[in-house]
Amino acid sequence: AMPDIQISSLTKFFGEKQVLCGASLEIAEGEKVGLVGANGAGKTTLFRILTGDCVCDSGSVFTSKDKTVAVLDQIPVYPEDYTANDVMKTAFLPLIRIKEELNALEKQMAASPEKNDVKRYGELLLRYEALGGYNMSFTLDRVANGLRIPTELRSRPFFLLSGGEKTRINLARVILTGADILLLDEPTNHLDLKSCDFLGSYLESVKKTIVAISHDRYFLDQIADRILELEDGKITSYIGNYSSYAVEKERRREEALRLYERNEQEKKRLLDSARKLHAWGTQSVKMHQRAFSIEKRVSRMKAFERPKTSRSLSMTFSDDEYYVEDVVTVKGLSKSYDGRNLFGNISFTVKNGDRIAIVGDNGAGKTTLLRLLLSEEKADTGLVRMDSGLRPGYLPQNVSFSHPSRNLIDTLIYEKSLSTQESRNRLGAFGFSGEEQLKTVSLLSGGEKSRLMLCMLMCDKINMLILDEPTNHLDIPSREWIEDAVSAFPGTIVFVSHDRYFLSRFANRIFELRNGSFTDFKGTYEDFEQTDKLPEKEPEPTAVRIKPAAVPFEKDKKALKRKITVLENDIDRQEKRLSEIENDMQENAADHIALERLLDEKSAVDSALSEMMEQWQALSEKL
């Protein structure tokens with residue numbers, strides 16, 4: 001079978017800089033591929049060449065002719081009067097055009113039925129069917145609900161939405177196009193955890209060809225059968241998901257290092273013996289000749305490149321003498337903003353060595369909770385008591401420095417009163433090479449700024465790290481960097497993150513903020529995910545034991561669950577009936593009387609289905 005996408009020997013220059021040098025790849029139908037590489041490696045350029053937005057300097061690009069391609073990159077611009085719903089519906093343009101033609105034909109056939117019209121009508125109807133014309137609104141609802149786009153949001157003007165909301169709408173639009181090949185550039189970037197999860201499960205289950213540029217390793221683990229790495233302008237393919245790629249990449253690097261070292265040893269051995277032969281050659285010309293032929297052999301030996309090692313962290317810093325058990329005590333904390341209650345009357349104790357992840361939707365108050373712990377904001381009620389020996393270090397979401405025009409060495413000399421040599425050593429331990437240390441701070445990338453800030457925090461003997469979205473907008477190498485620094489830190493950690501890889505690596509306790517309620521879950525992120533799949537428990541009022549009187553609520557819950565199960569069975573039955581009708585329609589494509597009867601039944605089943613879905617949604621929300 002022909003591949004869906006084929007690229008051979010692509011080269012691309014931007015001015016002097018060569019972004020792609022002889023990149024080649026093949027992607028088969030239905031393959032799900034993750035494209036990884038450091039920021040600036042040329043991943044987005046490769047996408048733009050695939051879609052024809054950008055022309056390569058040499059090489060060839062082929063995408064399967066009879067397949068439709070949808071791209072998620074920048075958010076397109078729409079007319080000002082477009083609502084979010086209008087934007088999602090643009091995905092159905094081909095269907096809407098067929099529907100218009102069907103309507104026109106119906107009118108025409110009512111006036112004077114022509115044989116050709118009836119035939120064309122039958123063909124169009126089948127196409128409309130096959131493309132899911134009758135399930136448009138049902139499909140739209142399912143995808144919108146999965147990506148947590150509430151009905152209220154759908155009627156709002158698109159251009160007034162926040163970045164995260166626009167991303168979700170745009171993602172829904174791309175999924176709804178029903179395209180065979182999806183090209184996704186950082187699809188999870190502005191999504192909350194639930195939406196990321198839906199998107200991952202959706203992409204995992206659909207039979208489409210998918211190429212996703214992503215720095216979200218959890219997402220890549222969920223969807224990818226293969227990882228393509230773009231490095232130094234070339235593409236290397238690794239079978240498996242992100243985790244197996246990481247293992248295999250390290251294995252290949254070690255193998256390359258062994259080859260390089262063996263080759264160097266062999267060269268050295270040969271050159272030593274040539275030198276000895278020359279030294280003895282004073283007695284015989286033959287010896288000289290042998291020495292020359294050995295040297296020639298060495299010059300013809302294949303040159304192995306020394307594989308790049310990723311620079312690793314060589315220092316850990318912290319206050320080792322800090323043994324207090326309860327490091328922060330929070331009692332009866334409440335906070336509201338503009339009349340909106342973020343959380344009310346919450347209490348908890350942070351223990352030494354806890355690694356607490358704070359999760360929740362955008363705007364739930366996660367950063368606010370961090371700032372309250374640090375006394376950078378005042379609570380409406382309640383108190384936060386920090387142990388007197390606790391020294392927290394805070395890495396905010398957007399790192400800024402008081403003198404961005406200084407270089408890295410001077411920043412440490414002035415801010416942390418270190419000597420030049422100490423500054424150099426510390427920066428080296430945090431992976432900044434000699435020449436990088438002379439860079440101006442304002443020229444650093446996001447990941448480098450976070451790393452420098454961590455380096456500065458760790459100059460002080462801190463025993464608690466507070467991190468707000470530490471891996472946001474970083475590429476994978478920078479994420480791994482930050483993680484290594486964090487995992488080398490033995491103290492207490494409290495962090496806000498949407499990065500599920502980071503969450504599952506560090507968290508041993510989860511604080512969830514949801515609609516003003518607060519849950520304190522002791523356990524890993526995986527355990528938390530599992531409990532979250534169960535129906536929600538009512539939040540327990542803090543410090544008040546629930547009295548036995550709460551039993552009727554359990555009964556209500558059981559009744560609700562029963563109703564939902566019955567509905568789900570009904571929905572299954574209706575969906576089964578729908579596919580039966582669809583088969584009948586294909587069999588009776590030429591018999592328009594039978595077709596009309598089937599169409600009537602179909603629309604009845606359709607409307608019954610959408611009513612059931614609405615009920616199901618309402619009941620599920622109630623539960």
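All residue numbers refer to positions in the sequence shown, counting from 1. Side chains included, hydrogens not; waters and symmetry mates left out as well; all remaining heavy atoms used. Everything numeric here is computed off the predicted structure, so don't read it as measured data.
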Asker: Do Ile510 and Ile356 have side-chain heavy atoms sitting under 4.5 Å apart?
Answerer: no
Asker: Are Asp484 and Ser487 close enough, and set up right, to give a side chain to side chain donor-acceptor pair (under 3.5 Å), and what steps lead you there?
Answerer: CA-CA 5 Å; Asp484 290 346; Ser487 73; 4.7 Å; no
Asker: Roughly how far, to the nearest 0.5 Å, is the OH atom of Tyr394 from the CD1 atom of Ile466?
Answerer: 8.0 Å
Asker: I'd like to check Leu370 versus Val496 (side-chain heavy atoms, cut-off strictly below 4.5 Å). Are they in contact?
Answerer: yes
Asker: Would you say Asn463 and Thr492 are linked by a side-chain donor-acceptor pair, where the criterion is simply a distance under 3.5 Å?
Answerer: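 The answer is no; no qualifying pair exists.
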Asker: Rounded to the nearest 0.5 Å, how far does NZ of Lys32 lie from CD of Gln222?
Answerer: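 One gets 11.0 Å once the value is rounded to the nearest 0.5 Å.
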Asker: Under 3.5 Å, is there a donor on one side chain and an acceptor on the other for Thr367 and Asp468?
Answerer: yes
Asker: Where do Asn189 and Asp185 land on the side-chain contact (heavy atoms from CB on, under 4.5 Å) test, with the steps shown first?
Answerer: CA-CA 9 Å; Asn189 227 357; Asp185 193 345; over 6 Å; no
Asker: Treating Asn508 as the side-chain partner and Arg355 as the backbone partner, does any N or O pair qualify as donor plus acceptor under 3.5 Å?
Answerer: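 Yes, the answer is positive, given that a donor and an acceptor are paired below the 3.5 Å cut-off.
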Asker: Check whether any side-chain heavy atom of Leu72 lies under 4.5 Å from a side-chain heavy atom of Leu183, and answer yes or no.
Answerer: no
Asker: Which atoms form the tightest heavy-atom contact between Asp221 and Ser243, and what is the distance?
Answerer: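 Heavy-atom minimum between the residues: OD2-OG, 2.6 Å.
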Asker: Which heavy atom in Val36 sits nearest to a heavy atom in Ser214, and how many Å separate them?
Answerer: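 So the minimum-distance heavy-atom pair works out to CG1-O, 4.0 Å.
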Asker: Verify whether one side chain among Ser517 and Glu512 offers a donor that lies under 3.5 Å from an acceptor in the other.
Answerer: no
Asker: After noting the C-alpha distance and the side-chain angles of Val494 and Ile358, does the key distance pass the side-chain contact (heavy atoms from CB on, under 4.5 Å) rule?
Answerer: CA-CA 7 Å; Val494 179; Ile358 302 176; 3.9 Å; yes
Asker: Say you draw a straight line from NZ of Lys194 to CZ of Arg148; how long is it, rounded to the nearest 0.5 Å?
Answerer: 5.5 Å
Asker: Can you name the nearest heavy-atom pair linking Asn345 to Gly332, along with the distance?
Answerer: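 Closest approach of Asn345 to Gly332, heavy atoms only: OD1-CA, 3.2 Å.
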Asker: Under the 3.5 angstrom rule, does the side chain of Glu436 hit a backbone N or O of Ser433 as a donor-acceptor pair?
Answerer: yes
Asker: Applying the side chain to side chain contact (heavy atoms under 4.5 Å, CB included) test to Leu342, which of Leu333, Leu372, Thr368 qualifies?
Answerer: Thr368
Asker: Find the distance between CG (Leu503) and CD (Glu529) and round it off to the nearest 0.5 Å.
Answerer: 9.0 Å
Asker: Do the side chain of Lys43 and the main chain of Ala38 share a donor and acceptor less than 3.5 angstrom apart?
Answerer: yes
Asker: Using distance alone, with no hydrogens and no angle criterion, decide if Asp326 and Thr329 have a side-chain donor and acceptor under 3.5 Å apart.
Answerer: no
Asker: Check for a donor-acceptor pair, side chain of Asp361 on one end and backbone N or O of Ala364 on the other, with a separation under 3.5 Å.
Answerer: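 No; zero donor-acceptor contacts below 3.5 Å.
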Asker: Quick one: does any side-chain atom of Lys335 pair with a main-chain N or O of Lys378 as donor and acceptor, under 3.5 Å?
Answerer: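 Flag set: sc Lys335 to bb Lys378 pair under 3.5 Å.
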Asker: Quick one: does Leu35's side chain get under 4.5 Å of Leu46's, heavy atoms only?
Answerer: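 When only atoms from C-beta onward are counted, Leu46 and Leu35 do touch, with a gap below 4.5 Å.
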Asker: How are the rings of Tyr82 and Tyr78 set to each other: parallel, tilted or perpendicular (split at 30° and 60°)?
Answerer: parallel
Asker: A quick test of your reading: do over 12 heavy atoms of other residues, nucleotides or ligands sit less than 6.0 Å from NZ of Lys416?
Answerer: yes
Asker: Taking it one step at a time, do Arg426 and Phe432 satisfy side-chain contact (heavy atoms from CB on, under 4.5 Å)?
Answerer: CA-CA 9 Å; Arg426 292 224 164 213; Phe432 290 107; over 6 Å; no
Asker: Look up atom CD in Glu469 and atom CG in Asn398, then write down how far apart they are to the nearest 0.5 Å.
Answerer: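 Reported value, rounded in 0.5 Å steps: 10.0 Å.
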Asker: Strictly distance-based, threshold 3.5 Å: is any side-chain N or O of Asp216 a donor or acceptor partner for the main-chain N or O of Tyr218?
Answerer: yes
Asker: Side chains of Leu184 and Val71: does their closest heavy-atom pair fall under 4.5 Å?
Answerer: no
Asker: Can you find a heavy atom in the side chain of Trp481 that is under 4.5 Å from one in the side chain of Leu454?
Answerer: no
Asker: Check the pair Glu231 / Lys249 against side-chain contact (heavy atoms from CB on, under 4.5 Å), numbers first and verdict last.
Answerer: CA-CA 12 Å; Glu231 195 177 30; Lys249 184 179 161 82; 3.7 Å; yes
Asker: What I want to find out is whether Arg217 reaches Asp499 closely enough, with some N-O distance under 4.0 Å, to be called a salt bridge.
Answerer: yes
Asker: Any side-chain to backbone donor/acceptor pair from Ser162 onto Glu165? Under 3.5 Å, distance only.
Answerer: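 Pair found, side chain donor or acceptor close to backbone of Glu165.
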Asker: Please lay out, stage by stage, how Asp141 and Arg154 fare under the test salt bridge (Lys or Arg N to Asp or Glu O under 4.0 Å).
Answerer: CA-CA 10 Å; Asp141 288 345; Arg154 285 157 58 170; 2.9 Å; yes
Asker: If you measure only the distance, is there a donor-acceptor pair under 3.5 Å linking the side chains of Thr83 and Ser155?
Answerer: no
Asker: Between Asp527 and Thr524, do the side chains contain an N or O donor and an N or O acceptor separated by less than 3.5 Å?
Answerer: yes
Asker: Would Glu483 and Thr471 satisfy side chain to side chain donor-acceptor pair (under 3.5 Å), going step by step from the backbone distance to the final call?
Answerer: CA-CA 9 Å; Glu483 282 165 19; Thr471 58; 5.8 Å; no
Asker: Looking only at non-hydrogen atoms, find the nearest pair between Lys439 and Leu444 and report the distance.
Answerer: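 The pair with the smallest heavy-atom distance is CE-CD2, 4.0 Å.
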Asker: When the ring centroid of Phe502 is compared with that of Phe495, is the distance short of 6.0 Å?
Answerer: yes
Asker: Look at the side chain of Thr411 and the backbone N and O of Asn407, then say whether any donor-acceptor pair between them is shorter than 3.5 Å.
Answerer: yes
Asker: Hey, what do you get for CZ (Arg251) to OH (Tyr238), rounding to the nearest 0.5 Å?
Answerer: 9.5 Å
Asker: Would you say the side-chain atoms of Glu250 pair up with the backbone N or O of Val247, donor to acceptor, closer than 3.5 Å?
Answerer: no
Asker: For residues Phe158 and Pro76, report the shortest heavy-atom separation together with the two atoms involved.
Answerer: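 Shortest heavy-atom contact: CE2-O, 4.2 Å.
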Asker: Locate the shortest heavy-atom distance separating Cys459 from Leu412; write the atom from each residue and the value.
Answerer: SG-CD2, 4.5 Å
Asker: Could you check Thr167 against Asn170 for side chain to side chain donor-acceptor pair (under 3.5 Å), going step by step and ending with a plain yes or no?
Answerer: CA-CA 5 Å; Thr167 303; Asn170 195 31; over 6 Å; no
Asker: Under 4.0 Å between a Lys/Arg side-chain N and an Asp/Glu carboxylate O for Arg156 and Glu152?
Answerer: yes
Asker: For Lys563, does the NZ atom have more than 12 heavy-atom neighbours from other residues, nucleotides or ligands under 6.0 Å away?
Answerer: no
Asker: Any salt bridge between Asp354 and Arg509, counting N to O under 4.0 Å?
Answerer: yes
Asker: Does the side chain of Glu448 come within less than 4.5 Å of Leu443's, by heavy atoms?
Answerer: no
Asker: Please answer whether the main-chain N or O of Val87 pairs with a side-chain N or O of Arg173 as donor and acceptor at a distance below 3.5 Å.
Answerer: no
Asker: Can you say whether the rings of Phe518 and Phe348 are parallel (under 30°), tilted (30 to 60°) or perpendicular (over 60°)?
Answerer: parallel
Asker: Do Tyr202 and Leu147 touch side chain to side chain, with heavy atoms closer than 4.5 Å?
Answerer: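 The answer is no; the side chains never approach within 4.5 Å.
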Asker: OH of Tyr414: more than 12 outside heavy atoms within 6.0 angstrom?
Answerer: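 Not buried by this count: 12 neighbours or fewer within 6.0 Å.
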